Amino acid sequence: MYIIVALYNCNNSRFGDISLPDSNTPQDINTVINRLVAEHQHRPGALLPLLHAIQDNIGYVPETAYPQISKALALSVAEVHGVVTFYHHFRTHKPGRNVMHICRAESCQAMGSEALEAHAKKCMNIDYHQTTEDNAITLEAVYCLGNCALSPSVMMNDEIYGRVSPSDLDALIAEAKA
Amino acid sequence: MTTKIYIPRDSSALSVGAEKVAVAIATEAKNRGLDVEIIRNGSRGLYWLETMVEVLTANGRVAYGPVKVKDVPSLFDADFINAKPHALCLGLTEEIDWLKKQQRLTFARVGVTDPVSLDDYLAHDGYNGLKNALKLSGAEIVKTVTDSGLRGRGGAAFPTGIKWNTVLGCESDQKYIVCNADEGDSGTYSDRMIMEGDPFVLIEGMTIAGVAVGATHGYIYLRSEYPHALVTLNEAIEAANKAGYLGENVLGSGKAFHLEVRRAAGAYVCGEETSLLESLEGKRGLVRFKPPLPAIEGLFGKPTVVNNVISLASVPIILDKGAQFYADYGMGRSRGTLPIQLAGNLKYNGLVELAFGATLRELLYDFGGGSATGKPIRAVQVGGPLGAFLPESQFDTPLDYEEFTKIWAVLGHGGIVAFDDTVDMSKMARYAFEFCAVESCGKCTPCRIGSTRGVEVIDKIRSGKDHAKNIQLVRDLSDTMLNGSLCALGGMTPYPVLSALNHFPQDFGLPAETQAG
Ligand SMILES: Cc1cc2nc3c(=O)[nH]c(=O)nc-3n(C[C@H](O)[C@H](O)[C@H](O)COP(=O)(O)O)c2cc1C
Ligand code: SF4
Ligand code: FES
């Protein structure tokens, strides 16, 4: 019996298994959010698990969902907004088809992450928090992926890559754009 | 006969291709009609050898590494499944010097067992600690943990037994055990290795904590950057529930313990225990004023034990082998072992579990093998992004909480990041301020504003503008942050900043001779 761990990316939806097609309508999104709200609203400290579930399923937390969320959890819209924006993980806009995180923390710096960063920005012609013109890749910074024994590290969607050279990065970019 | 082959599912091993290697080995074995069973273990922690593949033989496990997909056909040609020689053969795993020199207590099973197999866990002394604990009163369990000398491995090094005792002493209809698995410190990965490589030991440790203090619900607050750990933890929790090691009636004791993983959302400050509790309650991760202590008014206002992964994962062996067994390791008031994580610019990076007392130099050279680039090691940062930078003159400091305090440094979570002589320490100081600015929760001014000001002042120093005045400004600013911050994010950012300035003044345009020891 072979036990192979497979956690490969599913449309940026970290851990999610029900991603919507690219052409989802506001009604689709609304239906999904209603379902997720019903699923999570009664858990203690429900807001974070709910936000995760939403982002897993549709790739971001649409601001249009704030009223639904706030009503279900008896919070103000401002409170929901405050939580979403406090955490680096949550985003309120649809990202590119892939999300690349480059580790900026010390161990990776010691192994050349700055050059890698510069290379990535130049090749993709974008800065952090931006998306390539063809919508293939959104670039984000991350501060340690726990992969410091094999620095420098990059995460593409849910997969972590260690000892990443500029040419490895080129290959990752090419794959994401294909 | 089926041959057992071990290929790690640890995310660092996966980061250099372990999944592809596993697929290639499975495919090749099938094509050749060979009968093999592939077990996805944790990592042994010899990361420069990942992907390390092990084959079980009559004499023990034989290791090969680092294996790449392209090596797979030649491994089969050499008949590696019968442990035959190959250029990548490392011999018996247990005989590898790097591993043999360690004292693996908390990490005894990591890399050895199948992380999600309860049977494998039980076959390797798993749950002996809980079984002993269930025969003791809460106070006796707490006393055992106190007597072991275990101190929190999350950074603050507070005695674990004393914290538990406070929670035990609280009357409440509900208490909680919260595991801090936010592991935000750069240069650290031991929590991840436990959760991916031996999740049951953490589950057992939390269950013992619950039984000890009378808590029936536990949460693991897991950083969102660890998707693989989430999968292993959930698989293990499910298995423990099914077999009665978790749930309403733990091992028929009549005691309940329920466990749930909650995902963090990428805020470093949420590793601070009160910010973490706010986050678990579904709020912004603003640091709380103390008192009240979380032990008295913690999650949802109830008495709560908050402990780091390694603290909790060290409890089972203490309850299994006794307080004295654990306390016999270590030096001074630092008892037991510390899982040290070697990172950055070293030749042999990985997990080294040793009794407290080894020197930095032993770790950097005997284990680490010197720098990966072959240049001299110029600086090391110990204890994460809020830890001090140490110059070569301090490499003989033993790893011990008090010895580190004496040189104005911290051990923290046990991460050691090495830099070679190309490092620019003024840049590292700038980064420390920048990190603080990115991650500040915003509750107090010295941290929120001071960090951004710090970046600007370092930039001025680097460009030589009003040099003497700005050096003084960095010192004043650091002083304000040290004394005026609510938590250690603002309060300890001056450690990397001032240690860089004091030990490496030449990088700030100052004469080298002003160096302060
Ligand atoms: C900014 C900041 C970040 C922290 N991050 C972590 C962390 O990621 N993991 C952790 O266990 N402790 C972290 N701590 C320490 C916790 O506040 C707390 O001391 C610890 O969880 C207690 O567990 P222990 O006694 O087992 O170490 C952090 C503290 C601060 C101030
Ligand atoms: S020191 Fe910084 S992170 Fe800590 S409470 Fe104050 S503002 Fe928040
Ligand atoms: S510092 Fe980059 S993975 Fe830890």
Side-chain angles (χ1 to χ4, degrees), chain A residues 1-8 14-15 43-52 55-56 73 75 79-80 82-90 101 103-112 114 140-151 153-155 157-164, chain B residues 9 11-12 14-16 19 22-23 26 37-40 47-48 50 183-189 191-192 223-228 230-231 262-268 279-285 300 341-345 349-350 372 381 385 415 417-420 423 428 431 435 438-439:
Chain A
M1 186 182 57
Y2 306 120
I3 314 145
I4 310 292
V5 178
L7 251 182
Y8 291 122
R14 307 176 59 114
F15 322 108
R43 302 173 69 178
L47 186 51
L48 258 74
L50 175 58
L51 294 175
H52 271 297
Q55 186 156 309
D56 286 350
L73 301 186
L75 299 167
E79 281 171 306
V80 175
V83 170
V84 172
T85 51
F86 182 86
Y87 295 97
H88 300 304
H89 176 76
F90 298 123
H101 283 90
C103 178
R104 291 196 64 211
E106 289 88 341
S107 173
C108 290
Q109 288 179 41
M111 292 304 284
E114 261 185 299
E140 299 287 353
V142 69
Y143 298 87
C144 193
L145 293 162
N147 198 42
C148 333
L150 295 169
S151 292
S153 311
V154 168
M155 181 150 82
N157 304 319
D158 266 352
E159 277 314 302
I160 297 170
Y161 297 85
R163 285 198 175 148
V164 179
Chain B
R9 59 187 280 173
S11 54
S12 272
L14 295 174
S15 86
V16 287
E19 181 71 12
V23 172
E37 180 190 354
I38 295 178
I39 294 156
R40 304 305 301 268
Y47 280 114
W48 73 99
E50 293 292 0
E183 195 159 67
D185 286 0
S186 48
T188 72
Y189 46 83
D191 295 351
R192 178 184 63 65
R223 73 192 304 234
S224 58
E225 292 84 351
Y226 285 177
H228 295 281
L230 179 74
V231 174
R262 284 286 174 97
R263 278 156 66 200
Y268 176 74
S279 183
L280 269 180
E281 291 180 9
K283 303 176 196 153
R284 290 185 295 155
F300 303 115
Q341 303 121 87
L342 297 180
N345 198 333
N349 274 334
Q381 187 176 32
V417 179
F419 296 82
D420 72 9
V423 67
M428 299 316 297
Y431 172 81
F435 180 74
V438 171
E439 300 295 343

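Keep in mind it's a predicted model, so treat the numbers as computed, not measured. Numbers restart at 1 for each chain; the letters A, B, ... are given by sequence-line order, proteins then strands. As a basis for the values below, the full set of heavy atoms in this structure was taken, side chains included, without hydrogen atoms, waters or symmetry mates.
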Please classify the contact between [X] and chain B as side chain, backbone, both or neither, with a heavy-atom cut-off of under 4.5 Å.
X         : value
Pro49(A)  : side chain
Val142(A) : side chain
Glu114(A) : side chain

Main-chain N/O of Tyr161(A) paired with Ser15(B) side-chain donor or acceptor, under 3.5 Å: no
Under 4.5 Å from a heavy atom of chain A, the part of Asp185(B) involved: backbone
Please classify the contact between Glu183(B) and chain A as side chain, backbone, both or neither, with a heavy-atom cut-off of under 4.5 Å. neither
Run the ring-ring contact (aromatic ring centres under 6.0 Å, His included) test on Tyr143(A) and Tyr268(B) for me, step by step, so that the C-alpha distance in whole Å, both residues' side-chain angles and the decisive distance to 0.1 Å come before the verdict. CA-CA 8 Å; Tyr143(A) 298 87; Tyr268(B) 176 74; 9.2 Å; no
Please rank Glu50(B), Gln341(B), Gln381(B) by heavy-atom pairs under 4.5 Å with chain A and give me the top one. Gln381(B)
Top contributor to chain A interface from Gly350(B), Gly415(B), Pro385(B), Ala372(B) [non-hydrogen pairs under 4.5 Å]: Pro385(B)
Tell me the closest heavy-atom pair linking [X] and [Y], and the distance in Å.
X         : Y         : result
Ala110(A) : Ala418(B) : CB-O, 3.4 Å
Phe86(A)  : Gly285(B) : CE2-N, 3.2 Å
Cys148(A) : Ser186(B) : SG-C, 4.5 Å
Ala343(B) : Ser107(A) : CB-OG, 3.7 Å
Ser12(B)  : Gly146(A) : OG-O, 3.9 Å
Tyr431(B) : Arg104(A) : CE1-O, 3.5 Å

Which is it for Trp48(B) and Arg163(A) under the side chain to side chain contact (heavy atoms under 4.5 Å, CB included) test, yes or no, and what are the steps along the way? CA-CA 10 Å; Trp48(B) 73 99; Arg163(A) 285 198 175 148; 3.8 Å; yes
Chi angles and distances behind the side chain to side chain contact (heavy atoms under 4.5 Å, CB included) call for Met111(A), Asn349(B): CA-CA 12 Å; Met111(A) 292 304 284; Asn349(B) 274 334; over 6 Å; no
List the steps, then state whether side chain to side chain contact (heavy atoms under 4.5 Å, CB included) holds for Glu106(A) with Phe419(B). CA-CA 9 Å; Glu106(A) 289 88 341; Phe419(B) 296 82; 3.9 Å; yes
Run the numbers on Gln109(A) and Val417(B) for side chain to side chain contact (heavy atoms under 4.5 Å, CB included), then give the verdict. CA-CA 10 Å; Gln109(A) 288 179 41; Val417(B) 179; over 6 Å; no
Hey, which of Leu47(A), Leu150(A), Leu145(A) has the most heavy atom pairs under 4.5 Å with chain B? Leu150(A)
Can you tell me how far apart CG (Leu75(A)) and NZ (Lys283(B)) are? Round to the nearest 0.5 Å. 10.0 Å
Please name all residues satisfying side chain to side chain contact (heavy atoms under 4.5 Å, CB included) with Ala265(B), sequence neighbours left out, ordered by chain then number. Leu48(A), His52(A), Tyr87(A), His89(A), Phe90(A)
